[in-house]
Colleague: 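Questions regarding the structure given below will be posed in turn.
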Amino acid sequence: MNTKISLTTLGATFFSLVTATAAYASPAATNKVFISGPLILIFLGFCALVVIAQVIPVIMTLFGMIKGAKDSKEQVPTAVKADL
């Protein structure tokens, strides 16, 4: 029984060593220079425009909240006289 396990282990080890291959990076893919064309630059510009268009209302709302909080602190409550 012990011999059978040894032969199975030896066979599996041999099979994995025989079928294993090295994974090499392609040399042609590493020496190319990517030059972006005008369409990619237009797309990136459009993305920046969308981000800026979403940031402007956030800034306006933030300033409005700060202004509202500041104005509410400056108001002084007035005394109310009751007519009896």
Side-chain angles (χ1 to χ4, degrees):
M1 180 84 181
N2 200 3
T3 308
K4 183 178 179 184
I5 294 173
S6 298
L7 291 177
T8 304
T9 306
L10 183 63
T13 304
F14 179 74
F15 179 74
S16 65
L17 289 174
V18 169
T19 58
T21 58
Y24 295 110
S26 174
T30 59
N31 61 0
K32 290 185 180 180
V33 177
F34 178 73
I35 300 172
S36 29
L39 288 177
I40 293 176
L41 294 176
I42 291 170
F43 174 73
L44 292 176
F46 179 73
C47 291
L49 183 67
V50 168
V51 169
I52 295 299
Q54 291 180 357
V55 167
I56 290 172
V58 170
I59 292 173
M60 291 174 58
T61 305
L62 181 64
F63 282 133
M65 289 171 52
I66 292 171
K67 184 179 178 183
K70 188 179 99 175
D71 289 343
S72 67
K73 286 184 179 180
E74 290 179 359
Q75 292 178 355
V76 178
T78 57
V80 177
K81 292 183 180 181
D83 290 332
L84 295 175

Colleague: Give me the other members of the hydrophobic cluster that Phe63 sits in, counting Ile, Leu, Val, Met, Phe, Trp and Tyr linked by side-chain heavy atoms under 4.5 Å, directly or via other members.
Modeller: Val51, Val55, Ile59
Colleague: Output the distance between atom NZ (Lys67) and atom CG (Leu62), rounded to the nearest 0.5 Å.
Modeller: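 Between atom NZ of Lys67 and atom CG of Leu62 there are 13.5 Å.
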Colleague: Could you see if Ile52 belongs to whatever hydrophobic cluster contains Met60? Use Ile, Leu, Val, Met, Phe, Trp, Tyr and a side-chain cutoff under 4.5 Å.
Modeller: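 Hydrophobic grouping puts Ile52 with Met60.
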